[in-house]
A.B. asks: 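Here it is, the structure, as C-alpha coordinates.
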Amino acid sequence: MTLDGQAFLEHFRSMSEIGATAGGGVDRQAATVADGQNRHWFRGVVESHGFEVRYDEVGNQFALLELAPGAPWVAVGSHLDSQPTAGRFDGAYGVLAGAHAAARLAGLEGAKYNIAVINWFNEEGSRFKPSMMGSSVFTGKLAAEAVLETTDPDGVSVREALEGIGTIGDFALEVAAYVEIHVEQGRSLEDSGAQIGLVESTWGAHKYEFTVKGEQAHTGSTMIADRRDAMLGAALLISSARDVADRFTDESGTVVTSCGELYVYPNSPVVVASEVRMLVDIRATGAERLEAAVAAFEERIREAADRARVEIERGAEHSWTAQEYDGRGVELARAAAESLGLSSRVVRTVAGHDSTNMKDVVPTIMLFVPSVEGISHNERELTRDEDMTAGVDLLTEVLRRVVRGEYAYAE
Ligand SMILES: [Zn+2]
(Lines give C-alpha, C1' and ligand atoms only; values in the text may rest on other atoms or scores of the structure.)
Protein backbone atom coordinates (compact mmCIF):
# COMPACT_ATOMS: atom_id res chain seq x y z
CA MET A 1 0.00 0.00 0.00
CA THR A 2 1.32 3.45 -0.89
CA LEU A 3 1.07 5.77 2.07
CA ASP A 4 -0.79 8.67 0.53
CA GLY A 5 -3.40 10.89 2.19
CA GLN A 6 -6.15 8.40 1.42
CA ALA A 7 -4.24 5.61 3.18
CA PHE A 8 -3.80 7.86 6.19
CA LEU A 9 -7.52 8.65 6.39
CA GLU A 10 -8.39 4.95 6.12
CA HIS A 11 -6.03 4.11 8.97
CA PHE A 12 -7.40 7.00 11.00
CA ARG A 13 -10.98 5.78 10.52
CA SER A 14 -10.03 2.23 11.53
CA MET A 15 -8.30 3.51 14.65
CA SER A 16 -11.32 5.65 15.57
CA GLU A 17 -13.42 2.48 15.87
CA ILE A 18 -11.29 1.31 18.80
CA GLY A 19 -12.89 2.45 22.04
CA ALA A 20 -15.55 4.32 20.04
CA THR A 21 -18.33 6.01 22.03
CA ALA A 22 -21.98 6.45 21.04
CA GLY A 23 -21.46 10.20 20.63
CA GLY A 24 -18.85 9.82 17.88
CA GLY A 25 -15.79 10.09 20.11
CA VAL A 26 -13.51 7.62 21.86
CA ASP A 27 -12.77 6.48 25.41
CA ARG A 28 -9.22 5.12 25.49
CA GLN A 29 -7.90 6.20 28.86
CA ALA A 30 -4.34 5.23 29.67
CA ALA A 31 -3.66 1.48 29.96
CA THR A 32 -7.33 0.51 29.78
CA VAL A 33 -8.45 -2.38 27.57
CA ALA A 34 -9.29 0.08 24.76
CA ASP A 35 -5.87 1.77 25.02
CA GLY A 36 -4.29 -1.69 24.90
CA GLN A 37 -6.30 -2.62 21.80
CA ASN A 38 -5.25 0.60 20.13
CA ARG A 39 -1.58 0.10 21.01
CA HIS A 40 -1.68 -3.43 19.55
CA TRP A 41 -3.52 -2.19 16.45
CA PHE A 42 -0.88 0.52 15.98
CA ARG A 43 1.87 -2.06 16.41
CA GLY A 44 0.34 -4.14 13.62
CA VAL A 45 0.17 -1.13 11.29
CA VAL A 46 3.79 -0.07 11.79
CA GLU A 47 5.21 -3.60 11.76
CA SER A 48 3.60 -4.14 8.36
CA HIS A 49 5.68 -1.16 7.18
CA GLY A 50 8.99 -2.46 8.50
CA PHE A 51 9.16 -0.82 11.93
CA GLU A 52 10.23 -2.65 15.08
CA VAL A 53 8.18 -2.00 18.21
CA ARG A 54 9.57 -1.74 21.76
CA TYR A 55 8.30 -0.59 25.16
CA ASP A 56 10.22 1.19 27.88
CA GLU A 57 9.83 0.77 31.64
CA VAL A 58 6.77 3.04 31.87
CA GLY A 59 4.97 1.83 28.76
CA ASN A 60 6.14 4.40 26.23
CA GLN A 61 5.76 2.68 22.84
CA PHE A 62 8.60 3.09 20.32
CA ALA A 63 8.18 2.21 16.63
CA LEU A 64 11.69 2.15 15.17
CA LEU A 65 12.59 2.71 11.52
CA GLU A 66 16.24 2.46 10.52
CA LEU A 67 17.32 4.74 7.69
CA ALA A 68 21.03 4.93 8.53
CA PRO A 69 22.18 1.94 10.61
CA GLY A 70 24.34 3.02 13.54
CA ALA A 71 23.33 6.69 13.26
CA PRO A 72 21.60 8.58 16.10
CA TRP A 73 17.81 8.76 16.36
CA VAL A 74 15.29 11.54 16.01
CA ALA A 75 11.78 11.07 17.38
CA VAL A 76 8.32 12.03 16.21
CA GLY A 77 5.24 11.31 18.26
CA SER A 78 2.30 12.18 20.46
CA HIS A 79 -0.09 10.08 22.56
CA LEU A 80 -2.74 7.43 21.83
CA ASP A 81 -4.47 7.69 25.22
CA SER A 82 -7.59 9.84 25.57
CA GLN A 83 -9.82 11.55 28.09
CA PRO A 84 -13.12 9.80 28.92
CA THR A 85 -15.71 10.59 26.16
CA ALA A 86 -12.98 12.34 24.19
CA GLY A 87 -12.59 13.36 20.58
CA ARG A 88 -10.93 11.05 18.05
CA PHE A 89 -8.12 13.44 17.13
CA ASP A 90 -6.35 14.60 20.30
CA GLY A 91 -2.99 12.83 20.39
CA ALA A 92 -4.02 9.91 18.19
CA TYR A 93 -3.75 12.07 15.07
CA GLY A 94 -0.14 12.94 15.87
CA VAL A 95 1.02 9.38 16.52
CA LEU A 96 -0.52 8.05 13.31
CA ALA A 97 0.73 11.09 11.36
CA GLY A 98 4.23 10.43 12.72
CA ALA A 99 4.09 6.80 11.58
CA HIS A 100 2.93 7.75 8.09
CA ALA A 101 5.51 10.53 7.77
CA ALA A 102 8.29 8.18 8.87
CA ALA A 103 7.12 5.36 6.59
CA ARG A 104 7.09 7.74 3.61
CA LEU A 105 10.77 8.40 4.30
CA ALA A 106 11.77 4.70 4.33
CA GLY A 107 14.82 4.24 2.09
CA LEU A 108 15.57 7.98 2.04
CA GLU A 109 18.96 8.70 0.44
CA GLY A 110 21.44 10.62 2.54
CA ALA A 111 19.72 10.13 5.89
CA LYS A 112 21.88 11.06 8.87
CA TYR A 113 19.39 9.87 11.51
CA ASN A 114 17.04 6.99 12.18
CA ILE A 115 13.41 7.66 13.17
CA ALA A 116 11.57 6.56 16.30
CA VAL A 117 7.81 7.12 16.36
CA ILE A 118 6.81 7.42 20.01
CA ASN A 119 3.38 6.88 21.55
CA TRP A 120 3.86 8.49 24.98
CA PHE A 121 2.15 6.78 27.89
CA ASN A 122 -0.64 8.67 29.71
CA GLU A 123 -0.39 12.15 28.28
CA GLU A 124 -3.95 12.93 29.36
CA GLY A 125 -3.67 12.24 33.08
CA SER A 126 -7.38 11.41 33.49
CA ARG A 127 -6.91 7.92 34.95
CA PHE A 128 -3.44 8.31 36.50
CA LYS A 129 -2.09 11.71 37.61
CA PRO A 130 -0.17 13.74 36.67
CA SER A 131 -0.59 14.20 32.93
CA MET A 132 2.32 13.80 30.48
CA MET A 133 3.58 10.91 32.58
CA GLY A 134 5.54 8.95 29.97
CA SER A 135 7.38 11.94 28.55
CA SER A 136 8.06 13.21 32.09
CA VAL A 137 9.89 9.98 32.94
CA PHE A 138 11.71 10.01 29.59
CA THR A 139 12.95 13.56 30.26
CA GLY A 140 13.93 12.85 33.87
CA LYS A 141 11.20 14.99 35.47
CA LEU A 142 9.47 12.07 37.17
CA ALA A 143 10.99 8.89 38.60
CA ALA A 144 9.89 5.66 36.90
CA GLU A 145 9.41 3.89 40.24
CA ALA A 146 7.03 6.58 41.54
CA VAL A 147 5.05 6.49 38.29
CA LEU A 148 4.72 2.70 38.35
CA GLU A 149 3.28 2.83 41.87
CA THR A 150 0.76 5.58 41.06
CA THR A 151 -2.80 4.26 41.36
CA ASP A 152 -6.08 5.10 39.61
CA PRO A 153 -9.28 5.82 41.64
CA ASP A 154 -9.91 2.03 41.88
CA GLY A 155 -6.47 1.38 43.38
CA VAL A 156 -4.95 -0.19 40.23
CA SER A 157 -1.30 0.80 39.78
CA VAL A 158 0.32 1.92 36.54
CA ARG A 159 2.53 -1.17 36.67
CA GLU A 160 -0.46 -3.53 37.04
CA ALA A 161 -2.40 -1.75 34.31
CA LEU A 162 0.52 -1.80 31.84
CA GLU A 163 1.27 -5.47 32.56
CA GLY A 164 -2.45 -6.18 32.11
CA ILE A 165 -2.38 -4.92 28.52
CA GLY A 166 1.12 -6.30 27.86
CA THR A 167 2.78 -3.02 26.89
CA ILE A 168 5.69 -2.59 29.28
CA GLY A 169 9.36 -3.44 28.71
CA ASP A 170 12.90 -2.33 29.39
CA PHE A 171 13.79 -0.58 26.14
CA ALA A 172 15.71 2.69 26.34
CA LEU A 173 16.66 5.12 23.57
CA GLU A 174 18.43 8.47 23.34
CA VAL A 175 17.02 10.88 20.80
CA ALA A 176 18.69 13.92 19.25
CA ALA A 177 15.60 15.92 18.30
CA TYR A 178 11.82 15.69 18.58
CA VAL A 179 8.91 16.65 16.31
CA GLU A 180 5.21 16.55 17.21
CA ILE A 181 2.02 17.43 15.37
CA HIS A 182 -1.28 17.85 17.22
CA VAL A 183 -4.74 19.30 16.69
CA GLU A 184 -4.82 22.91 17.92
CA GLN A 185 -7.68 22.47 20.44
CA GLY A 186 -8.29 26.19 20.08
CA ARG A 187 -9.64 28.36 17.29
CA SER A 188 -6.81 30.70 16.31
CA LEU A 189 -5.97 28.77 13.11
CA GLU A 190 -9.58 28.50 12.03
CA ASP A 191 -10.22 32.18 12.82
CA SER A 192 -7.17 33.28 10.84
CA GLY A 193 -7.63 30.83 7.95
CA ALA A 194 -4.11 29.41 8.33
CA GLN A 195 -3.61 25.70 7.63
CA ILE A 196 -0.66 25.16 9.97
CA GLY A 197 0.29 26.46 13.41
CA LEU A 198 3.99 26.85 14.24
CA VAL A 199 4.17 26.70 18.02
CA GLU A 200 6.60 29.28 19.41
CA SER A 201 5.83 29.02 23.13
CA THR A 202 3.73 27.46 25.84
CA TRP A 203 1.61 29.13 28.45
CA GLY A 204 2.55 28.81 32.10
CA ALA A 205 0.37 26.70 34.38
CA HIS A 206 -0.11 25.92 38.05
CA LYS A 207 -2.20 22.90 39.06
CA TYR A 208 -3.59 22.23 42.52
CA GLU A 209 -5.10 19.23 44.27
CA PHE A 210 -7.36 20.16 47.18
CA THR A 211 -9.20 18.14 49.80
CA VAL A 212 -12.00 20.14 51.38
CA LYS A 213 -13.02 18.66 54.72
CA GLY A 214 -16.29 19.49 56.47
CA GLU A 215 -18.81 17.43 58.40
CA GLN A 216 -21.59 15.18 57.17
CA ALA A 217 -25.07 16.43 58.14
CA HIS A 218 -28.77 16.29 57.19
CA THR A 219 -29.60 18.71 54.34
CA GLY A 220 -32.94 19.55 55.97
CA SER A 221 -32.64 19.45 59.72
CA THR A 222 -29.15 20.93 60.11
CA MET A 223 -29.33 24.72 60.47
CA ILE A 224 -27.09 26.71 58.12
CA ALA A 225 -25.12 28.19 60.99
CA ASP A 226 -24.24 24.70 62.19
CA ARG A 227 -23.02 23.40 58.86
CA ARG A 228 -19.50 22.68 57.78
CA ASP A 229 -20.32 22.11 54.12
CA ALA A 230 -17.41 20.74 52.07
CA MET A 231 -19.36 21.33 48.85
CA LEU A 232 -19.71 25.02 49.68
CA GLY A 233 -15.97 25.26 50.32
CA ALA A 234 -15.35 23.63 46.92
CA ALA A 235 -17.82 25.98 45.22
CA LEU A 236 -16.09 29.02 46.71
CA LEU A 237 -12.74 27.79 45.38
CA ILE A 238 -14.27 27.31 41.94
CA SER A 239 -15.78 30.78 41.82
CA SER A 240 -12.59 32.33 43.25
CA ALA A 241 -10.63 30.73 40.42
CA ARG A 242 -13.00 32.29 37.90
CA ASP A 243 -12.67 35.72 39.55
CA VAL A 244 -8.91 35.44 39.19
CA ALA A 245 -9.25 34.64 35.46
CA ASP A 246 -11.46 37.71 34.95
CA ARG A 247 -9.21 39.99 36.99
CA PHE A 248 -5.94 39.08 35.28
CA THR A 249 -7.11 39.00 31.67
CA ASP A 250 -6.64 42.19 29.62
CA GLU A 251 -5.47 43.28 26.13
CA SER A 252 -1.88 42.31 26.87
CA GLY A 253 -2.45 38.78 28.17
CA THR A 254 -4.79 36.08 29.34
CA VAL A 255 -5.45 33.91 32.38
CA VAL A 256 -7.75 30.88 32.23
CA THR A 257 -8.75 28.85 35.28
CA SER A 258 -10.87 25.79 35.87
CA CYS A 259 -11.93 22.97 38.10
CA GLY A 260 -12.46 19.95 35.87
CA GLU A 261 -12.79 17.22 38.47
CA LEU A 262 -14.66 16.80 41.77
CA TYR A 263 -15.11 13.76 43.98
CA VAL A 264 -17.90 14.43 46.46
CA TYR A 265 -18.46 12.29 49.55
CA PRO A 266 -20.98 10.88 50.22
CA ASN A 267 -22.62 12.47 47.13
CA SER A 268 -26.16 11.84 48.37
CA PRO A 269 -29.18 14.10 47.75
CA VAL A 270 -30.00 14.50 51.46
CA VAL A 271 -26.52 14.72 52.94
CA VAL A 272 -24.36 17.81 53.38
CA ALA A 273 -21.02 16.70 51.92
CA SER A 274 -18.25 15.92 54.39
CA GLU A 275 -15.43 15.81 51.86
CA VAL A 276 -14.66 17.04 48.35
CA ARG A 277 -11.46 16.23 46.50
CA MET A 278 -10.88 18.54 43.57
CA LEU A 279 -8.40 19.87 41.05
CA VAL A 280 -7.96 23.50 40.08
CA ASP A 281 -5.71 24.75 37.33
CA ILE A 282 -4.56 28.24 36.49
CA ARG A 283 -2.90 28.98 33.14
CA ALA A 284 -1.48 32.25 31.90
CA THR A 285 0.44 33.86 29.07
CA GLY A 286 3.71 34.97 30.64
CA ALA A 287 5.45 34.11 33.89
CA GLU A 288 4.66 37.33 35.80
CA ARG A 289 0.97 37.13 35.02
CA LEU A 290 0.88 33.52 36.24
CA GLU A 291 2.66 34.44 39.45
CA ALA A 292 0.22 37.27 40.17
CA ALA A 293 -2.82 35.08 39.43
CA VAL A 294 -1.53 32.27 41.65
CA ALA A 295 -0.88 34.69 44.52
CA ALA A 296 -4.36 36.20 44.20
CA PHE A 297 -5.99 32.78 44.13
CA GLU A 298 -4.06 31.58 47.18
CA GLU A 299 -5.37 34.55 49.22
CA ARG A 300 -8.86 33.32 48.46
CA ILE A 301 -8.25 29.77 49.78
CA ARG A 302 -8.28 30.97 53.41
CA GLU A 303 -11.40 33.07 52.77
CA ALA A 304 -13.21 30.06 51.30
CA ALA A 305 -12.24 27.87 54.27
CA ASP A 306 -13.43 30.48 56.79
CA ARG A 307 -16.70 31.21 55.07
CA ALA A 308 -17.69 27.52 54.67
CA ARG A 309 -16.21 26.57 58.08
CA VAL A 310 -14.17 23.79 56.48
CA GLU A 311 -10.53 22.76 56.27
CA ILE A 312 -8.88 23.02 52.89
CA GLU A 313 -5.81 20.82 52.52
CA ARG A 314 -3.41 21.38 49.67
CA GLY A 315 -2.07 18.21 48.02
CA ALA A 316 0.42 17.78 45.20
CA GLU A 317 1.06 20.87 43.08
CA HIS A 318 2.65 21.13 39.68
CA SER A 319 3.85 24.31 38.09
CA TRP A 320 5.53 25.23 34.86
CA THR A 321 6.36 28.61 33.41
CA ALA A 322 5.67 29.87 29.90
CA GLN A 323 8.55 28.67 27.75
CA GLU A 324 9.79 29.23 24.24
CA TYR A 325 10.22 26.54 21.60
CA ASP A 326 13.44 26.55 19.60
CA GLY A 327 13.23 29.44 17.12
CA ARG A 328 15.32 27.55 14.55
CA GLY A 329 12.71 24.79 14.57
CA VAL A 330 9.93 27.30 13.94
CA GLU A 331 11.91 28.65 10.96
CA LEU A 332 12.58 25.17 9.56
CA ALA A 333 8.87 24.31 9.78
CA ARG A 334 7.85 27.65 8.26
CA ALA A 335 10.13 27.04 5.28
CA ALA A 336 8.87 23.46 4.93
CA ALA A 337 5.23 24.67 4.91
CA GLU A 338 6.05 27.33 2.33
CA SER A 339 7.71 24.74 0.07
CA LEU A 340 4.43 22.79 0.07
CA GLY A 341 2.26 25.88 -0.49
CA LEU A 342 0.68 25.63 2.97
CA SER A 343 -0.20 28.80 4.87
CA SER A 344 1.14 28.97 8.42
CA ARG A 345 1.17 31.28 11.42
CA VAL A 346 2.95 31.38 14.74
CA VAL A 347 0.80 30.28 17.72
CA ARG A 348 1.13 29.56 21.44
CA THR A 349 -0.07 26.38 23.06
CA VAL A 350 -2.35 26.64 26.08
CA ALA A 351 -2.63 22.89 26.54
CA GLY A 352 0.35 20.87 27.75
CA HIS A 353 1.87 18.41 25.28
CA ASP A 354 4.62 15.82 25.40
CA SER A 355 6.66 18.29 23.35
CA THR A 356 6.45 20.65 26.34
CA ASN A 357 8.65 18.15 28.19
CA MET A 358 10.81 17.18 25.23
CA LYS A 359 11.73 20.76 24.32
CA ASP A 360 13.52 21.05 27.68
CA VAL A 361 15.99 18.30 26.78
CA VAL A 362 16.31 18.22 22.96
CA PRO A 363 15.63 20.62 20.07
CA THR A 364 11.91 20.31 19.44
CA ILE A 365 9.47 21.35 16.71
CA MET A 366 5.73 21.53 17.47
CA LEU A 367 3.09 21.84 14.77
CA PHE A 368 -0.70 22.31 14.90
CA VAL A 369 -3.50 21.60 12.46
CA PRO A 370 -6.88 23.38 12.83
CA SER A 371 -9.65 22.22 15.17
CA VAL A 372 -13.18 23.07 13.96
CA GLU A 373 -14.57 25.73 16.34
CA GLY A 374 -11.69 24.95 18.70
CA ILE A 375 -13.72 22.12 20.27
CA SER A 376 -11.59 19.62 22.21
CA HIS A 377 -11.81 17.08 25.04
CA ASN A 378 -15.28 16.55 23.61
CA GLU A 379 -16.76 13.87 21.33
CA ARG A 380 -17.53 16.60 18.77
CA GLU A 381 -13.85 17.42 18.32
CA LEU A 382 -13.18 17.65 14.57
CA THR A 383 -10.27 18.23 12.24
CA ARG A 384 -11.18 18.13 8.55
CA ASP A 385 -9.74 15.43 6.29
CA GLU A 386 -7.89 17.93 4.11
CA ASP A 387 -6.31 19.55 7.17
CA MET A 388 -5.23 16.14 8.51
CA THR A 389 -3.59 15.13 5.24
CA ALA A 390 -1.93 18.56 4.81
CA GLY A 391 -0.50 18.08 8.30
CA VAL A 392 0.90 14.65 7.40
CA ASP A 393 2.49 16.14 4.25
CA LEU A 394 4.09 18.90 6.29
CA LEU A 395 5.25 16.54 9.03
CA THR A 396 6.87 14.37 6.34
CA GLU A 397 8.69 17.37 4.87
CA VAL A 398 9.82 18.62 8.30
CA LEU A 399 11.03 15.15 9.25
CA ARG A 400 12.82 14.78 5.91
CA ARG A 401 14.77 17.98 6.61
CA VAL A 402 15.57 16.94 10.18
CA VAL A 403 16.70 13.45 9.15
CA ARG A 404 18.95 14.93 6.46
CA GLY A 405 20.65 17.03 9.12
CA GLU A 406 19.19 20.39 8.03
CA TYR A 407 17.94 21.19 11.55
CA ALA A 408 21.04 23.15 12.52
CA TYR A 409 20.68 22.97 16.26
CA ALA A 410 23.70 22.94 18.57
CA GLU A 411 24.82 19.39 19.30
ZN1 LIG B 1 -3.18 15.73 23.34
Side-chain angles (χ1 to χ4, degrees), residues 12 15-16 18-19 21 25-32 34-35 38-39 42 59-61 75-99 101 117-139 141 178-189 196-197 199 201-203 205 207 256 258 260-261 279 281 283 318 320 325 347-359 364-383 387-388 391-392 395:
F12 189 78
M15 182 168 66
S16 300
I18 300 168
T21 56
V26 295
D27 183 350
R28 298 190 297 238
Q29 294 185 72
T32 55
D35 184 34
N38 203 26
R39 288 168 153 245
F42 181 70
N60 292 317
Q61 184 178 26
V76 58
S78 196
H79 60 97
L80 290 182
D81 75 307
S82 82
Q83 293 285 334
T85 54
R88 313 190 294 282
F89 303 86
D90 180 352
Y93 167 69
V95 177
L96 190 61
V117 182
I118 304 178
N119 162 28
W120 298 106
F121 174 66
N122 189 29
E123 192 274 348
E124 294 289 0
S126 55
R127 180 180 178 194
F128 300 103
K129 292 169 188 58
S131 57
M132 303 193 285
M133 212 175 228
S135 56
S136 292
V137 172
F138 187 86
T139 55
K141 296 176 181 191
Y178 180 68
V179 185
E180 179 166 352
I181 193 165
H182 200 281
V183 295
E184 184 186 16
Q185 305 175 282
R187 55 194 311 160
S188 83
L189 292 177
I196 299 293
V199 180
S201 73
T202 63
W203 288 36
K207 297 191 175 190
V256 296
S258 25
E261 186 179 270
L279 304 180
D281 69 63
R283 300 173 196 236
H318 301 276
W320 57 93
Y325 278 79
V347 294
R348 289 176 166 220
T349 176
V350 191
H353 296 291
D354 296 302
S355 72
T356 318
N357 280 333
M358 290 300 284
K359 72 169 181 6
T364 292
I365 300 172
M366 181 77 192
L367 308 167
F368 280 166
V369 289
S371 294
V372 173
E373 293 176 23
I375 294 168
S376 185
H377 286 184
N378 183 308
E379 291 167 301
R380 291 190 296 122
E381 184 180 79
L382 178 66
T383 293
D387 289 330
M388 284 205 283
V392 179
L395 187 62

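Side-chain atoms are counted along with the backbone in the values below, which use heavy atoms only and exclude waters and symmetry mates. Just so you know, ligand 1 is whichever comes first in the structure, and atom 1 is the first atom listed for that ligand.
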A.B. asks: Could you confirm whether H79 has any N/O/S atom lying under 2.8 Å from the Zn ion (ligand 1)?
C.D. replies: yes

A.B. asks: Does the shortest distance from the Zn ion (ligand 1) to an N/O/S atom of E124 fall below 2.8 Å?
C.D. replies: no

A.B. asks: How long is the straight-line distance from OG of S82 back to CZ of R88, given to the nearest 0.5 Å?
C.D. replies: 12.5 Å

A.B. asks: CD1/I118 to OG/S135 distance, rounded to the nearest 0.5 angstrom?
C.D. replies: 9.5 Å

A.B. asks: Hey, does the side chain of E184 reach the backbone of L189 with a donor-acceptor pair shorter than 3.5 angstrom?
C.D. replies: yes

A.B. asks: Shortest non-hydrogen contact from Q29 to D35?
C.D. replies: O-CB, 3.3 Å

A.B. asks: Rounded to the nearest 10°, what angle sits at the Zn ion (ligand 1) between OD1 of D90 and NE2 of H182?
C.D. replies: 90°

